[in-house]
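Some notes on the structure that comes next.
We use all heavy atoms of the structure for the numbers below, so side chains are in, but hydrogens, waters and symmetry mates are not. Letters A, B, ... are given to chains in the order of the sequence lines, protein chains preceding strands, and every chain is numbered from 1.
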Amino acid sequence: MQLAVEGEEKMSIVPKETIEVIAQSIGITNLSPEAALMLAPDVEYRVREIMQEAIKCMRHSKRTTLTASDVDGALNLRNLEPIYGFGSGGPIRFRKAIGHRDLFYTDDREVDFKDVIEAPLPKAPLDTEIVCHWLAIEGVQPAIPENAPLEVIRAPAENQIYQQKDGPLIDIRLPVKHVLSKELQLYFQKIAELTLSKSNPSLFKEALVSLASDSGLHPLVPYFTNFIADEVSRGLNDFLLLFNLMHVVRSLLQNPHIHIEPYLHQLMPSVVTCLVSRKLGNRFADNHWDLRDFTANLVALICKRFGNTYITLQSRLTKTLVNALLDPKKALTQHYGAIQGLAALGHNVVRLLVLSNLEPYLSLLEPELDAEKQKNQMKSYEAWRVYGAILRAAGLCIHDRLKIFPTLPSPSPSFPSKGKGKVISTEPNKRKLGVDSSENRSPHKRLIATDGSDGGPSPMQVDRPTGDANPPQNSVRPSSSEQASDGNAPESRNAKEKDDSKGRAITRKAILDQIWKDDLDSGRLLVKLHQLYGDRILPFIPSTEMSLFL
Amino acid sequence: MDPEQVDEFVMGYLKKKGFNSAAKHLQESLHNNNGSSFSSIDYPNDPELTKLIRSFSQSENDPSRYREGYSKLRSWGYNSLDLYKHELLRVMYPVFIHCYMDLVGKGHTQEARSFFNSFRKDHEMVHLRDLQKLGGVLAPSHLQEMEFARSLRQSKINIKICQYSYDLLIQYLHRTESTLMLGIINEHINFQVYSGQPNSASDDIEAVTIVGSFHETADHVNQKEIHWGLLEDSLEDRLEKTGGLLSDSEKGQGESKAGDDSKKRSAEIGKQGSSTKKLKKDKAGTATTKVARQETSTVLSSMPRVKPELAMPVMSTDVEESILEDLRNRVQLSSVAMPSVSFYTFVNTHNGLNSSSISHDGSLVAGGFSDSSIKVWDMAKIGQAGSCALQDDNNQIVGKNGRRNYTLLVGHSGPVYSATFSPPGDYVLSSSADTTIRLWSTKLNANLVCYKGHNHTVWDAQFSPFGHYFASCSHDRTARIWSMDRMQPLRMMAGHLSDVDCVQWHPNCNYIATGSSDKTVRLWDVQTGECVRIFIGHRSMVLSLAMSPDGRYMASGDEDGTIMMWDLSTARCITPLMGHNSCVWTLSYSGEGSLLASGSADCTVKLWDVSSSTKLTKAEEKNGNSNRLRSIRTFPTKSTPVHALRFSRRNLLFAAGAVSKHSS
């Protein structure tokens, strides 16, 4: 037994035992083990030989599955009697023996003779036929049921083309495909979900940080721009959604790894919509002013970053905004947005476009401001809001003008507080909604006065009440607006200072002339503004200048 | 013979017989007589002596020495320098199989088996099929019986090896005194040492394919010259002449480039035609100039023309007219202008369809069945009836009026392995396992002749391009040429080492090509019956052949799905066309030879741009750059392996195959 196992492993596929069993089955009982051992390799050789011939028969029958008839054919080739009883026509179905890795058997059930006899006659087999169809017409496979389904065609065909990408003769152009990785798709889905859901502000903040800092998001930019454009046009009534979307835009703009320029043209309309749309969210419940402020800064950011590469960007934008501002038919909310947008674009823009139109505009606004004439409180509130915005724009502009005096060092520490002061000056207006407008003005003035004197700390206090209805974005907003206004001023100042030092080196006189000229201009402007605004402009004027001019 | 050697023989004999003490005595006396006779002989430089010593040492009869020697050689080979390694490893395979066969031959079956199993992995990648065959060899008698083994034993294997590799090998064998390995190498390997750097591992396929004794003869055979040009005054030529005139009259001067071209061509042909009369006298002399001209004039569209060596049948004028008409209406195909493919699907074949073929005009389809019958469908008739038959499927399956709509040809007594049409479509030629070839008339629907001659199953039979003559090939390893009017074959082509599986005529009728299970394709001269080319390169049985219409190239498809393009004049493979992953059953060139269609068991028809492949390789041959990007279109069928393909004369592609239901 031991020997047999060894033999099986070492010798051949056909073990000695098989020979013995076969011998017994044909009536040879006294086969010596040596004879069996000798026969086994020969049996294997013969079996292999038959199989080799059977494979030839199979190939010539144009098949790839070996059948019993092929083996019969092989036996015939060797002049041997075929083995009868297996010719079924089809390939034999093998079943795996349970518990053995490579042992198979044919499922040969015992059939009762009676059943066979009693069974109805089988149907006559169908006769061979030929069906004709077009496999291809001039190289293109028609989509007919006789051909393989198109999906099946597409896949290998594409592989084909990819394989021969560099073949010079193949002139097949595939539609350009944008392949997004699974991860990116998931990321986009998640961000979109967060933007739409509005239920998880902390998570959304995290997402914004990720959007603003992660590299490798560039493939998603077209999807984001699309998404933003779609959602803005769809969700003009959904204030929070709009705010979220604008935050997404800002984050995208901030991301240093994203090259967003090519998609600006898609992005700008949505952004401008959020700035000057008649209606953003619920008119009463939502603080759409904040959204407009935020968007104004966004617009300024875009112009600053891409103004050089897109020369027409700013001019087109300002044109849109000025049109919105000067159209009396437009709603006050739109005016507000336009003013904020223009203000964010810088003082030069304000001076050129707003201040020049200030007089007629204020006269237009005048009736709205008057509480007696305008019964609609909402309208009057809006008017005051616009008034505040325009005042702030003009004030900041004049402040900047005045600060360019080189001879008079501007009190820089007081400057930021002024910036805040202006914010505050507009805030109370809203709070005193129910109060009479005449009364409204006095606390307003008072507040400014106190604010102007004691500087920094107060804004926080004043700010808090405004945050009544709004989620945490509010806390972000003032600081951002402060930064923006802060950022603008020092820059221009620096430039001027540089100019100054250079100018000083050349000729002091020329510069002095220039300064006087500017001075006069500024003076004139200031006077004009003072005429229009009265004392309200005063907090914007640095104390030193104030002493000079007033 | 030296007395010393006689002494050695005696000693070997004594040892073998177990007379050890006697041998010892003899050795002692020998030593006493004249020093050490062994060491004084410089055996490695004398193959004869080496052999002798080997036979002497063999008398020790220790089977483990083979394993030891081979494994040492192997590990040495694998540890040799990278640059020369592939050359040295090439030596391993012949050594391996001969070690094995030596062991088997001496009756050490067990050792042989274990030796084989422990090292076969090394060679499986390249020589899997050979190893499968050899694996069954277990007794000395098998070695005698098996053709493959016998041819291996009798022949020497040529191995090209660079000088340094050769030196390395010899040095190693000397140093280790592995006389056994040295003996095997000397006996069975014929080194062709060349100077310089070793070849890159991949570039010579020939070293990889070791097939019997003809390797050395293959080079010799392939030196013979052949004239692959088309027949002079062929129909194509006549068409070009008339077509040239036609195009001249039809087209204006504006875009007469094509017209000019064909005019030029016809003029040249005219010249050639007149000169051939002279050529007839000194055939031998002009043959060489023709070959030379072939090389130079390939750029020109005018191909060399040759005289037919067989008496050609006369073609009736109406047949000629219809062919000319077809040629005139031929669609020009290229990689941009694809053909339309009409597919004939056999249904309800019950796995019985062995072969199918389509007539040149696509109107007749024949199937050869394993139940010995042949069925011929007239597609033109079915097409007419089709409009009404398609409406109710039952009717169609039963056929019109309950009659089957094919012609049943009964006569064979064994599975029919081929059924092909004569070029005009008036005859069907069938070959069968009953060793006969039968000729049937499609007009009379009756058997005309039964050709007996082959000793075994006839795998394939093909009419010549002009009819009348046909070639057959068989399991008896011969191919034969017949003419319709004779019962006996005209020529027998013997030389293949295994079944001849397919046969194809050269367009000029002077040659036939045969593909065989010995993995080679041979080209035979019909007139002399000589083998004029051997094409070595396939890794498995060759199943299909096609000749390009210009007679210059040949395509062959094998069991693995590889298609090879051969240049007939150089017998070199231009490029392997990879893409199919199963047997390539059929190949067909388009009418002007720009496209090759292949049909495979993987249920696809592929189109290959062969015009670019031949041009590109000519340019890129020098760069050694082979590009395989020539499959231009793949048409998958609905689980129908493609059995037959035929480009009609108008360049419509017909395909046929039987639906196989279990393919999924």
Side-chain angles (χ1 to χ4, degrees), chain A residues 7 10-12 38 40-42 44-49 52-53 55-57 59-65 67 69 73 76-77 89-91 125-141 145-149 152-153 156-157 160 163-171, chain B residues 109-110 113-114 133 136-139 142 335-336 338-355 365 367 370 375 377 379 382 397 404 415 417 433 456-457 459 475 499 517 541 543 559 582-583 585 601 605 609 612 629 631-638 641 643 655:
Chain A
K10 280 197 174 170
M11 273 295 296
S12 60
M38 290 293 283
D42 197 54
E44 189 191 332
Y45 176 77
R46 300 299 157 194
V47 168
R48 282 171 182 269
E49 194 182 3
Q52 179 190 310
E53 300 305 312
I55 286 167
K56 278 181 197 165
C57 287
R59 293 296 182 218
H60 283 284
S61 300
K62 306 271 193 292
R63 272 183 279 108
T64 45
T65 324
T67 64
S69 62
N76 194 31
L77 280 177
L126 295 173
D127 204 355
T128 312
E129 270 300 321
I130 287 188
V131 185
C132 180
H133 74 272
W134 289 107
L135 182 66
I137 295 168
E138 293 184 351
V140 182
Q141 284 198 291
E146 287 89 344
N147 280 334
V152 181
I153 299 165
Q160 208 72 41
Q163 276 168 17
Q164 358 168 303
K165 232 184 282 174
D166 35 356
L169 285 160
I170 291 104
D171 198 19
Chain B
T109 320
Q110 293 221 8
R113 175 58 66 137
S114 73
K133 269 188 210 164
V137 176
L138 292 164
H142 296 160
S335 55
V336 260
M338 298 284 184
S340 297
V341 189
S342 177
F343 202 97
Y344 296 138
T345 312
F346 288 83
V347 293
N348 307 322
T349 55
H350 311 291
N351 262 324
L353 185 72
N354 283 351
S355 71
V365 182
S370 56
K375 294 170 185 173
W377 283 263
M379 294 313 290
I382 290 175
I397 283 159
R404 50 175 181 249
Y417 286 114
H456 270 294
T457 304
W459 293 129
H475 176 69
D499 301 41
S517 290
M541 160 182 189
L543 291 169
E559 215 179 347
S582 191
C583 310
W585 297 131
V605 175
D609 185 359
S612 74
L629 315 167
S631 167
I632 44 174
R633 210 46 77 83
T634 303
F635 302 123
T637 64
K638 215 173 183 180
H643 289 180

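- Both the backbone and the side chain of B:His142 come within contact range of chain A, judged by heavy atoms closer than 4.5 Å.
- Distance check: A:Met38 CE to B:Thr109 OG1 gives 7.5 Å after rounding to the nearest 0.5 Å.
- For chain B, the option among A:Gly73, A:Cys132, A:Pro125 with the highest count of heavy-atom pairs below 4.5 Å is A:Cys132.
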- Could you check A:His133 against B:Thr345 for side-chain contact (heavy atoms from CB on, under 4.5 Å), going step by step and ending with a plain yes or no? CA-CA 8 Å; A:His133 74 272; B:Thr345 312; 3.6 Å; yes
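- Looking at B:Val137 and A:Arg48, their side chains never come closer than 4.5 Å, going by heavy atoms from C-beta outward.
- Shown here for A:Asp127 and B:Lys375, the closest heavy-atom pair between the two residues is OD1-NZ, 4.1 Å.
- Annotation: side chain of A:Trp134 is in contact with side chain of B:Ser342 (closest heavy-atom distance under 4.5 Å).
- Rounding to the nearest 0.5 Å gives a distance of 7.0 Å between CG of A:Leu135 and OG1 of B:Thr637.
- Summarising the geometry, atom NE2 belonging to B:His475 is positioned 9.5 Å from atom NE2 belonging to A:His60; distances are rounded to the nearest 0.5 Å.
- Here the side chains of A:Arg59 and B:Asp499 are not in contact, with every heavy-atom distance at 4.5 Å or above.
- For a residue to count as touching a neighbouring chain, one of its non-hydrogen atoms must lie under 4.5 Å from one of that chain's; by this rule A:Gln52 touches chain B with the side chain only.
- Rounding to the nearest 0.5 angstrom, the gap separating the NE2 atom in B:His350 from the CG atom in A:Leu126 is 6.0 Å.
- In this structure, B:Ser517 OG and A:Glu53 CD are separated by 8.0 Å, a value rounded to the nearest 0.5 Å.
- Between B:Asn351 and A:Arg63, the closest heavy-atom pair is OD1-CD, 3.7 Å.
- Side-chain contact between A:Lys62 and B:Pro641 is absent, with no heavy atoms from C-beta onward closer than 4.5 Å.
- Judged by distance alone, with hydrogens and angles left aside, the side-chain atoms of A:Thr128 form a donor-acceptor pair with the main-chain N or O of B:Asn348 at under 3.5 Å.
- Counting heavy-atom pairs closer than 4.5 Å to chain A, the top residue among B:Ala139, B:Ala601, B:Pro339 is B:Pro339.
- Between B:Trp377 atom CH2 and A:Ile130 atom CD1 the span is 4.5 Å, to the nearest 0.5 Å.
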